Amino acid sequence: MAKVKVQNYKGTRDFYPEDKRLQKYVFNIWRSVCERYGYEEVDAPMLEPLELYQMKNGANPDMIKDELYALTDKSGRDLVVRPEMTPTVSRMVAARRQELQYPARWYSIPNLWRYERPQKGRLREHWQLNVDIFGQDGLQAVFELLQIANDIVVGLGAETGMYTIRINSRKLVNKLCELLRLCEPEASALMQLIDKKAKMPIEEYDQKFNELVDGDAAMKSLINEFLAATSYDELPEELRNTDEAAELRQLLDSCSDNMMESVVYDPLIMRGFDYYTGFVFEVFNEDLENNRAMLGGGEYDGLVGAMGAEPLPTAGFGMGDVTAIDFMQSQGTLPELWNETDIYFVVLEGSLEAAQAAIRKLRQGPRINVAVDSTYRKLSKCLESADKRKIRYALICGENEVKSGQYQLKDLKTGETFTMDLDKIAQALR
RNA sequence: GCGGGUGUAGCUCAGUUGGUUAGAGCGUCUGGUUGUGGUUCAGAAGGUCGCCGGUUCAAUUCCGGUCACUCGCCCCA
């Protein structure tokens, strides 16, 4: 028989206990922060009909062609393994448009798939926190999302200076294009150029920029002034007096009034060319070795309406588990993670039967997680094994303990040993 | 889709200017007399040197191809 490859599929991860422990740690932070803001968890099938991703306001066609896991079922239906959650939650809202309570606050932690060459921070399968709010006006919705995003990053151990939350307004950019009298091909080209500015060499940017403005000095200086702004006050005067700028100012003020000192205005944030309609934002890891966006989102008002339901204002963001873990690693904020098992119960030879009552008592009364070692190896080997599994406590049970009811509980972190009865042990572990 | 890097023990990697039994550290297992580890000592297991082909008396080493992994570009939900 041919040997089966034991290696996992390209761009995916096997989660061994220590890996899953880390992922669960991240998920727990995500869940607890979302639920603190009244968000409810939802989920959906991993397979969706291809049409969901072919809508007008959806992702661009090249992406659909090249970067999806697509398949055909036995009845000839075209299916896709979900590459993102936003169309799915929009579909779910559209399906119950009339009966849901608004604002609807939802979050989910789906695994998502994209067919591309893996690289650092981007794999073929990852888990992504999605936080969405439906039916709330943009400004309030986005402010709430920014608070959640901030709390999550802080929950991951971030301190001021380790990250920035950068926000921009697509409406303000549209206003700029309007002032410049840019029509569709040029407006898109400008946005695309802004989006890529940080990534391309300055000479290349200058060349493309000059092509675009075509010698129009007034246009050039207006765009440059816009791009150089780091606050509302630095915006070009023509823009500063618009409703769009006022809304931006209000959002920035709300953030600074609420101690969110990592929020900054950044006119370069565009979030690609998908469905975003209003405010957009990204959280950046400011570690110089790993300076990249690790969370992104914004307002996407068109999607629910695009499914034939009555439109409603919508905003949301996503954050991947890979980038979240990379962030903690690059910033050194990972805590020591202990095994879910509380006690490694080491039974010495000859005492197994007598020990069962004690094991049962720990599990059933105080619900302590107990793993039994009845291998009868040398005691030192048993302790070592518990330590390697990252179990915090070992309990030793031999003849003496069974007789006296006094057990030895060893803290494998400190090496200290305590002698106590089972009730005291249960109490100590609370 | 495009480009760079790397494939030798479970892991991290040495090494062979082509030559007979291929190495280290870590990890794993056993033991240092029978109930307290993570320090130490001794020992053991574990490798068709990614795969296929070419050159050669001889290839893990040179050449070609291929696959895999990895980093970057494109793209980014």
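Here is how names work: the chains are called A, B, and so on, in the same order as the sequence lines, proteins then strands, and each is numbered from 1. This one's a predicted model, so the numbers in the text were calculated from it and none came from an experiment.
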Taking the P atom of each, how far is G7(B) from C74(B), in whole Å? 28 Å

Whole-Å distance, Asp195(A) CG to A77(B) C1', equals 13 Å

Pairing residues for Phe317(A) by the ring-ring contact (aromatic ring centres under 6.0 Å, His included) criterion, not counting sequence neighbours: none

Same-atom distance (P) from A22(B) to G50(B), integer angstrom: 15 Å

Taking OP1 and OP2 of C75(B), is either one under 4.0 Å from a side-chain nitrogen or oxygen of Lys196(A)? yes

How far, in whole Å, is U16(B) from A58(B) if one measures between their C1' atoms? 14 Å

Taking only residues two or more places apart in sequence or in another chain, which ones pass side chain to side chain donor-acceptor pair (under 3.5 Å) with Glu340(A)? Lys24(A)

Any side-chain N or O of Arg271(A) less than 4.0 Å from the OP1 or OP2 oxygen of A77(B)? yes

Give me the distance, rounded to whole Å, that separates G47(B) from G35(B) when you measure between the C1' atoms they each carry. 40 Å

Which residue pairs pass the salt bridge (charged side-chain N to carboxylate O under 4.0 Å, His left out) test when at least one of the two sits in residues 298-314 of chain A, sequence neighbours left out? none

Please table the atom pairs, donor to acceptor, closer than 3.5 Å between any side-chain atom in residues 393-402 of chain A and protein atoms at least two apart or in another chain.
unit_1: Glu401(A); atom_1: OE1; unit_2: Gly398(A); atom_2: N; d: 2.9
unit_1: Glu401(A); atom_1: OE2; unit_2: Gln408(A); atom_2: NE2; d: 3.3

Give me, pair by pair, the N or O atoms of the protein and of nucleotides 33-42 of chain B that are less than 3.5 Å apart, along with how far apart they are.
unit_1: G35(B); atom_1: O6; unit_2: Asn400(A); atom_2: N; d: 3.3
unit_1: G35(B); atom_1: O6; unit_2: Asn400(A); atom_2: ND2; d: 2.9
unit_1: G35(B); atom_1: N1; unit_2: Glu401(A); atom_2: OE1; d: 3.0
unit_1: G35(B); atom_1: N1; unit_2: Glu401(A); atom_2: OE2; d: 3.3
unit_1: G35(B); atom_1: N2; unit_2: Glu401(A); atom_2: OE2; d: 2.7
unit_1: G35(B); atom_1: N2; unit_2: Gln408(A); atom_2: NE2; d: 3.3
unit_1: U36(B); atom_1: O2; unit_2: Lys410(A); atom_2: NZ; d: 3.3
unit_1: U36(B); atom_1: N3; unit_2: Gln408(A); atom_2: OE1; d: 3.1
unit_1: U36(B); atom_1: O4; unit_2: Gln408(A); atom_2: OE1; d: 2.2
unit_1: U36(B); atom_1: O4; unit_2: Gln408(A); atom_2: NE2; d: 2.5
unit_1: G37(B); atom_1: O2'; unit_2: Glu384(A); atom_2: OE1; d: 2.9
unit_1: G37(B); atom_1: O6; unit_2: Leu412(A); atom_2: O; d: 3.4
unit_1: G37(B); atom_1: N2; unit_2: Asp387(A); atom_2: OD1; d: 2.9
unit_1: G37(B); atom_1: N2; unit_2: Asp387(A); atom_2: OD2; d: 2.3
unit_1: G38(B); atom_1: N1; unit_2: Leu412(A); atom_2: O; d: 3.3
unit_1: G38(B); atom_1: N2; unit_2: Leu412(A); atom_2: O; d: 3.2

If you measure from the C1' atom in G31(B) to the same atom in A14(B), how many Å do you get, rounded? 30 Å

Using atom CH2 of Trp113(A) as one end and atom C1' of C76(B) as the other, report the distance to the nearest whole Å. 18 Å

If you take atom types as modelled and just measure distance, does the side chain of Glu67(A) reach the base of A77(B) with a donor-acceptor pair under 3.5 Å? yes

Checking N1-N3 plus N6-O4 or O6-N4 for Watson-Crick, or N1-O2 and O6-N3 for wobble, each under 3.5 Å, the partner of C57(B) is G19(B)

What N/O pairs connect the protein and nucleotides 67-73 of chain B at under 3.5 Å? Give each pair on its own line.
unit_1: C69(B); atom_1: OP2; unit_2: Lys10(A); atom_2: NZ; d: 2.9
unit_1: U70(B); atom_1: O4; unit_2: Arg117(A); atom_2: NH2; d: 3.0
unit_1: G72(B); atom_1: OP2; unit_2: Lys120(A); atom_2: N; d: 3.1

Kindly say whether, by distance alone, the side chain of Arg114(A) makes a donor-acceptor pair under 3.5 Å with the base of C76(B)? no

Crowding at OH, Tyr16(A) (>12 non-hydrogen neighbours, <6.0 Å): no

Could I get the full list of side chain to side chain donor-acceptor pair (under 3.5 Å) partners for Glu286(A), not counting sequence neighbours? Thr164(A), Arg166(A)

Integer-rounded Å distance: A77(B) C1' and Arg91(A) CZ: 16 Å

For atom C1', what is the distance between U33(B) and G46(B), given to the nearest Å? 29 Å

Does any pair with a residue in residues 89-120 of chain A pass ring-ring contact (aromatic ring centres under 6.0 Å, His included), and if so which ones, sequence neighbours excluded? Tyr69(A)-Trp113(A), Tyr69(A)-Tyr115(A), Trp106(A)-Phe134(A)

Checking N1-N3 plus N6-O4 or O6-N4 for Watson-Crick, or N1-O2 and O6-N3 for wobble, each under 3.5 Å, the partner of C29(B) is G43(B)

When you compare C2(B) with G65(B), how far apart are their P atoms, in angstrom units rounded to a whole number? 15 Å

Could you work out, with side chain to side chain donor-acceptor pair (under 3.5 Å) as the rule, every residue matching Gln147(A), not counting sequence neighbours? none

Minimum heavy-atom distance between Ile368(A) and Ala426(A), given as atom pair plus value: CD1-CA, 3.5 Å

Can you tell me how far P of C76(B) sits from NE2 of His126(A), to the nearest Å? 15 Å

Roughly how many Å is it from CD in Glu116(A) to P in G1(B), rounded to a whole number? 13 Å

Considering only the P atoms, how many Å lie between U61(B) and U8(B), rounded to the nearest integer? 13 Å

Those residues at least two apart in sequence (or on a different chain) that pass side chain to side chain donor-acceptor pair (under 3.5 Å) with Lys424(A) are none

Hey, does the side chain of Asn210(A) reach the backbone of Asp206(A) with a donor-acceptor pair shorter than 3.5 angstrom? yes

Paired to C2(B) by Watson-Crick or G-U wobble criteria (both distances under 3.5 Å) is G72(B)

Which base, if any, makes a Watson-Crick or G-U wobble pair with G7(B), both distances under 3.5 Å? C67(B)

Specify the residues of residues 14-26 of chain A, ordered by number, for which at least one heavy atom lies under 4.0 angstrom from an atom of RNA chain B. none

Run the salt bridge (charged side-chain N to carboxylate O under 4.0 Å, His left out) test against Lys175(A) and tell me which residues pass, sequence neighbours left out. Glu178(A)

Ion pair present between Glu282(A) and Arg271(A), side-chain N to carboxylate O less than 4.0 angstrom? yes

